[in-house]
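Chain A is the first sequence line, chain B the second, and so forth, proteins listed ahead of strands; every chain is numbered from 1. No experiment lies behind these values; they were computed from the predicted model shown.
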Number of protein chains: 2
Amino acid sequence: MFARQIVARHRSRLLRVSFRAASIGSGGDGKATMQKTTPLHQHHQSSGEGSKDTVLSATAVIFGGSLLTYLITRKIKNDSEQIYAKEVSSLDEIRKAHDTVRKDLPEYTMDEVVQHNAPAAGIWVTYGIGVYDITSFVPKHPGSDKVMLAAGGAIDPFWHIFQQHNTKEVLTLLESYRIGNLRADDVVGTKDLHNPWAAEPKRHPILKAATLKPFNAEPPASVLVDSFLTPNDFFYVRNHLPVPEVDIKSYELELENEKSGKGKVIRFGDLLKYRKHTVTATIMCGGNRRSEMMEIKPIKGLPWGPSAVGNAQWSGARLCDVLRDMGVREGDEDGHVQFEGLDTDPTSTPYGASIPLAKAMDPRGDVILAYEMNGQPLNRDHGYPVRVIVPGVVGSRNVKWLGKIIVSRNESSSHWQQNDYKSFSPSTDWDTVDFKSAPAIQNMPITSAICTPASGETLTVQDGFVTVKGYAWSGGGSAVIRVDLTTDGGKTWFVANIDETEQGTGPGRHWSWSLWSAKIPVKPGQSGPIAIWSKAVDANYNTQPETFANIWNLRGVVGNAYSRVKVNIK
Amino acid sequence: MFARQIVARHRSRLLRVSFRAASIGSGGDGKATMQKTTPLHQHHQSSGEGSKDTVLSATAVIFGGSLLTYLITRKIKNDSEQIYAKEVSSLDEIRKAHDTVRKDLPEYTMDEVVQHNAPAAGIWVTYGIGVYDITSFVPKHPGSDKVMLAAGGAIDPFWHIFQQHNTKEVLTLLESYRIGNLRADDVVGTKDLHNPWAAEPKRHPILKAATLKPFNAEPPASVLVDSFLTPNDFFYVRNHLPVPEVDIKSYELELENEKSGKGKVIRFGDLLKYRKHTVTATIMCGGNRRSEMMEIKPIKGLPWGPSAVGNAQWSGARLCDVLRDMGVREGDEDGHVQFEGLDTDPTSTPYGASIPLAKAMDPRGDVILAYEMNGQPLNRDHGYPVRVIVPGVVGSRNVKWLGKIIVSRNESSSHWQQNDYKSFSPSTDWDTVDFKSAPAIQNMPITSAICTPASGETLTVQDGFVTVKGYAWSGGGSAVIRVDLTTDGGKTWFVANIDETEQGTGPGRHWSWSLWSAKIPVKPGQSGPIAIWSKAVDANYNTQPETFANIWNLRGVVGNAYSRVKVNIK
């Protein structure tokens, strides 16, 4: 809704304007300018509020985390583009630069900006009073299809939502693309925009936020090993967009079968009519432990510690039961099930993801449309009223605030399915990456993490031992069969005790983590620093790679190397 | 059959004998002897040929590979026990020692030996003219239940089959347990035993044998990458026992459902009535690449290279179809399916293994009772006329010469299921291992191997590149999504091209290997030694561990570390 309002406001300013000869600075190669003159153009205001309009998408910029990463990485490389980075030293300074009319640059009208919405004409965007030419940037970006939605519009409404752009680095980078000043009348303000963050839920203070808008937070690692089922309020939150406000009385879940052409809409009460299925499943963010991978080489992205993971008992209707009622048969495995959330970006594009239809239809896959978490209704951060739980599969496919389910021959076309949550060779960089070359992450690999002690702690030896605790988990339903620990770099390994895990599930249906502990002997009189490593082995006898160096990837996902903490023995 | 003959022969010598005071040397701790006298015993000959008799098992010794490993490892540690190791330098010498009456040791009758069939009385065995006390050894051995079958009997008939004992090390070790000489009349000869090896099939000379009896052999690695489907005659052979001779006309497959108490027998023709199901599946030995793991620390076992693996198109009846006819329902997942081969040891114990019933009943599991391999009837080495193919699962569960299928609440009790084909922490040794603590290997982990060039080769650079080829495979139906190669220790990684793999299988049903190749650039003028490493990534984003050091295990199984070859650039 608010996205349409923005566009209406925006376009209302596209009045008849005059065009002046402009000195066009290139933001891409840092080289100098060319002079050109174009005739006067006339534009008429569109029908305004609420009208569906192609300009809507043309004015949209999806400036997600990966794009920012790319922008920064690219620009820092090029000395000639660092002029602003050198000049500013604080967020305030660069904000001030953004708000300042650059007298060395020409003025443009929004009318002119709108014309630069394709590579042939150049790709321009505006932010505040600035006009920016991002033409040279677009073809190099992995999500260039998404970037093209930016062509010829203001990015302010987007950054109003994606508040993580509010950093010195990002604003400095943007400023380096500046080619002009936007006519004062055309400036798109954000003061009177609907505030999508106004209705965010309250969170427990134990959650350490990496970003507030959208809210992304994890608990301290030591909390994880306190209970086999993670308390709902302590469960990590990974939101991509503002939390939608859903009224359960009017909640509708749209079902569509592209294969048969059939569709229907069900309500919350309809879901309750299906047999209630409960599954204990660990959900882990694809970027869990990214901060450890970042120690090898920088990655721009949320610097998750080891706690972007939790384990809960989820209850709901089995997806296979719902799909069977949609005419999908169990042998009909070819294809995908797409999920759309009710959380949307300013273009009304919902968060989306998909899973293989085979996983959805497999009764052993235990995929459910969950409405309960640990016996309570889902809270708003975890998808109230309904989310999909895809056991063994990366968190990003466990779509929250479920609005639509589509049985399709194709994967979700969403940014998060196509151009994010994939991993590549360590030598693949943003210049060489081909997102189509890698499959979307589904099942997660084996991992373990030491949750206590934390790195840097000083430990007192008790009865000749130090105690180490942590979790281990493997995706795809594979049980953890062993956790090994070493304090001497692998010369001696101790087998941890599995304290708590899911019991009695069949092979390939072990969805929960295992909490483990170990008492590791310390030599009498030993003191000073020691490094403790953990590695887990799953039922397929897969184990963790030793270091992050050889699994480093530009998105910083599936980081499952040995867990290592350095502590002091007193 | 021949096992019973052996026992009959053996027992026919248990005539009335006199017992003399004996000087009993301990083989276990190397310490001296004690004198004891017992009264005269009388024994009557049993009914002889063909009679089922508990003595049958009491006289059996399963001296498999792992036991030997253990014996050797243990004894070498103890200086006082190495007297014979020091004295002999050749197989002939130690054989001669075995054949020599030790005048310093007492003579025993078989009657006396037979009484030493339990820990309380001491555990003796005979071999040729020697009597050996293995009491101290038994409790430490992982398969101590199996070792107890040895109590009080001759091991000659077993070693007649397990010819791998015919080494200097094994015979030296045995000789160190010598406590006496067997009365000449009681010696169990092997000359007139049925020769179970007489009917072994002919093999293609390309197969490099690790042992001839049983036949265990792999092709050169370079052959593997020549074809996506491994030719039947080039496919590695891993036999545990003599190849049985099966007449397809009289072939019977026994089916038993312990859960329902029902059973039946079907014939080859009955299998053909089921819909023929074809699956392309890679079969890999659990010990594949053991020779690389042995470089870290010795492991006694077949020193497999990287070619104990092959890929073939298998056709047969789906096991789930056959089991459904046995009254097993698809939801009835709890339990196991045991398989028994027609290959038997001298106690008539068949080779055996089991898989989870859930895997067997899952139509997506693609388990088949195969009668064809690459369009041809199975050859004798690969299980003629019927073997089970369990895609994604370690070779040892793909039981050949299938004689019996048992649906059970329990896993197979066979040695190979319980006390072999399991992996442990690198610090677990034969003194500390508890075989019950680890699950039997089923799905195999992700692996890759460089097949060409071989280590030590000198390569000529062509157009600035060297070409590397190999295979990659992951168990559990997980596709290989990427193979990375490096020639600079991981600083730079090159992504290999997947040349051939299975197409169009659903997620989690990718059973075949992937053959890959890469052209790796070589700097102009570069020459001298380089190390090439490969690592593969599967659809669960599991990858290989870097080195064998931290996955070393006492059985030398699931060795899936990076593949590394050292070559010279000319």
Side-chain angles (χ1 to χ4, degrees), chain A residues 286 330-331 333-334 355-359 362-364 392 394 423-428 437-439 441-446 474-476 478-479 481-482 484 486 490-495 504 506-509 533 535 537-547 549-551 557-558 560 562, chain B residues 286 330-331 333-334 355-359 362-364 392 394 423-428 437-439 441-446 474-476 478-479 481-482 484 486 490-495 504 506-509 533 535 537-547 549-551 557-558 560 562:
Chain A
E330 209 166 316
E333 292 187 351
D334 200 25
I355 62 169
L357 182 53
K359 167 75 176 171
D362 187 355
R364 296 173 185 84
V394 63
S423 179
F424 300 90
S425 178
S427 292
T428 299
S437 71
I441 300 168
Q442 296 284 349
N443 290 337
M444 289 281 280
I446 175 76
S474 188
S478 206
I481 63 162
R482 204 179 73 237
D484 295 333
T486 182
K491 285 189 207 77
T492 320
W493 290 94
F494 300 93
V495 178
R509 291 177 81 176
W533 303 354
K535 69 167 160 111
V537 181
D538 74 10
N540 297 350
Y541 280 100
N542 273 305
T543 190
Q544 299 174 245
E546 290 165 21
T547 71
N550 290 326
I551 61 165
V557 288
V558 290
N560 71 329
Y562 287 14
Chain B
E330 210 167 314
E333 292 187 352
D334 200 26
I355 62 170
L357 182 54
K359 167 75 176 171
D362 187 353
R364 295 174 185 84
V394 63
S423 179
F424 301 90
S425 178
S427 293
T428 299
S437 71
I441 301 167
Q442 296 284 348
N443 291 338
M444 288 282 280
I446 176 75
S474 189
S478 206
I481 64 161
R482 204 178 74 237
D484 295 335
T486 181
K491 284 189 206 78
T492 321
W493 289 94
F494 301 93
V495 178
R509 290 177 84 176
W533 303 354
K535 66 165 162 115
V537 181
D538 73 11
N540 297 348
Y541 280 101
N542 273 305
T543 189
Q544 298 174 245
E546 291 164 20
T547 70
N550 290 327
I551 60 164
V557 288
V558 290
N560 69 329
Y562 287 13

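A/Thr547 touches chain B through backbone and side chain together, each having a heavy atom under 4.5 Å away. Within the 4.5 angstrom heavy-atom criterion, only side-chain atoms of A/Lys535, from C-beta onward, approach chain B. For a residue to count as touching a neighbouring chain, one of its non-hydrogen atoms must lie under 4.5 Å from one of that chain's; by this rule A/Ala479 does not touch chain B. Using a 4.5 Å cut-off between heavy atoms, A/Ala358 touches chain B through backbone and side chain atoms alike. Proximity to chain B involves both the backbone and the side chain of A/Asp362, based on heavy atoms less than 4.5 angstrom apart.
Looking only at distances, no side-chain donor or acceptor of A/Tyr541 sits under 3.5 Å from a matching main-chain atom of B/Ile441.
Side chains of A/Gln442 and B/Pro507 form no contact here, defined as non-hydrogen atoms less than 4.5 Å apart. Looking only at side-chain heavy atoms (C-beta outward), B/Asp484 and A/Pro426 come within less than 4.5 Å of each other. In this structure, B/Asn540 and A/Met444 have side chains that are not in contact, with every pair of non-hydrogen atoms separated by 4.5 Å or more. Side-chain contact between A/Tyr562 and B/Asn550: present, with at least one pair of heavy atoms (C-beta onward) separated by less than 4.5 Å.
Per-residue counts of heavy-atom pairs under 4.5 Å with chain B were compared for A/Ile446, A/Val537, A/Val495, A/Asn560; the largest is that of A/Ile446. The candidate with the highest count of non-hydrogen atom pairs below 4.5 Å against chain A, out of B/Pro363, B/Pro439, B/Ser478, is B/Pro439. The choice from A/Gly476, A/Ser425, A/Gly392 that makes the most heavy-atom pairs within less than 4.5 Å of chain B is A/Ser425. Interface check for chain A: of the options B/Gly475, B/Pro545, B/Pro445, the most heavy-atom pairs under 4.5 Å are formed by B/Pro445. Comparing B/Val394, B/Asp334, B/Ile481 by heavy-atom pairs within less than 4.5 Å of chain A, the highest count is held by B/Ile481.
Here B/Asp538 contributes atom CG and A/Asn542 contributes atom CG; the two are 6.0 Å apart, rounded to the nearest 0.5 Å. The CZ atom of B/Arg482 sits 8.5 Å away from atom OG of A/Ser437, with the distance rounded to the nearest 0.5 Å. Between A/Lys359 atom NZ and B/Arg364 atom CZ the span is 10.5 Å, to the nearest 0.5 Å.
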